[in-house]
Amino acid sequence: MPDATYAATTSAPTAAAADFLRAKVQRRKLSLVTCYDYTFARLLSKTAIDAILVGDSAAMVMHGHASTLSASVELIRLHTEAVARGAAGKFIIADMPFLSCRKGLAAALDSAQSFMTAGAQAVKIEGVEGQEDVIRGFVQSGIPVMGHVGLQPQSVCAYGGFRVQGRSGESAREISRQAILLEELGVFAIVLECIPASLAHEITAALRIPTIGIGAGAACDGQILVLQDLLGLNLDFRPRFARPFLDGARRVLEAVAHFDEAVKAGMFPASEESYS
Ligand code: KIV
């Protein structure tokens, strides 16, 4: 039995990093989505999804930047707080933003601390090379770390665009090596972004920890999508992996058009929508 004082003052998430490993052992697929705000977080708290990522994609999706490089520690902290207020009970992972793991372990720990105290239960780190000590230091400090290899959007300037990775033998071997190294460093799961399905299959089979795919085929142990892509809210952005599960943009436009028409026709508000 948990101590009564402890139980009363903590709200344990329904899932934890260990559940990711259990899911792989039990061959249960994991579903994750990104979220950046309180309203959607409340809705997601009523679903069966396994975890929420407060991704640095917030810089693009919520703030209109051209890449994720503009996401700052403060921005991710603010979005994490909002999500945590709405999605109590969900396992929340916060993205370590561009360069936040490149200024030494102490600075990286400060950033992670601000995310964990804002309500995250884990962080995600893009890439491995040069960040081994940070990843090891986080894991030793009790911070669950999710890895991220394949297309690393924070390296968009080095790639010269958002490009599928791992198509050449050399690149595929390098991504496999990074995934194995991440497992050795103690991460609890790895995002595989935009790599050939066959490569994701090989990596998934080689690892004890689960792989979470985005543009990496069906063999991954789980899948993640940006919530706004899943809801079909983007009119002009549709990468091939981002299946819209709702015609969201059309539905929103229709609703707003109905409101506009009702207002202009004097049909809104009705008497029962007004106070006496
Ligand atoms: O920031 C993000 O949304 C991500 C996912 C695409 C995995 O890193």
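Just so you know, ligand 1 is whichever comes first in the structure, and atom 1 is the first atom listed for that ligand.
- Taking the side-chain contact (heavy atoms from CB on, under 4.5 Å) definition, one finds that A262 meets it with M267, F268, sequence neighbours left out.
- For Y36 and S57, the side-chain atoms include at least one donor-acceptor pair closer than 3.5 Å.
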Show the short N or O contacts, below 3.5 Å, that ligand 1 makes with protein N or O atoms; if there are none, say 'none'.
residue, atom, partner, partner atom, Å
ligand 1, 1 (O), D56, N, 3.2
ligand 1, 1 (O), D56, OD1, 2.9
ligand 1, 1 (O), S57, N, 3.1
ligand 1, 1 (O), S57, OG, 3.2
ligand 1, 1 (O), D95, OD2, 3.2
ligand 1, 3 (O), S57, OG, 2.5
ligand 1, 8 (O), K124, NZ, 2.9

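- Clustering of Ile, Leu, Val, Met, Phe, Trp and Tyr side chains at separations under 4.5 Å places L253 together with L235.
- In this model, no donor atom of one side chain and acceptor atom of the other lie less than 3.5 Å apart for S111 and S100.
- Listed by first and then second residue, the ring pair (Phe, Tyr, Trp, His ring centres under 6.0 Å) pairs involving residues 63-82 are H63-H79 (not counting sequence neighbours).
- Judged purely by distance below 3.5 Å, without hydrogens or angles, the side chains of D56 and Q154 pair a donor atom with an acceptor atom.
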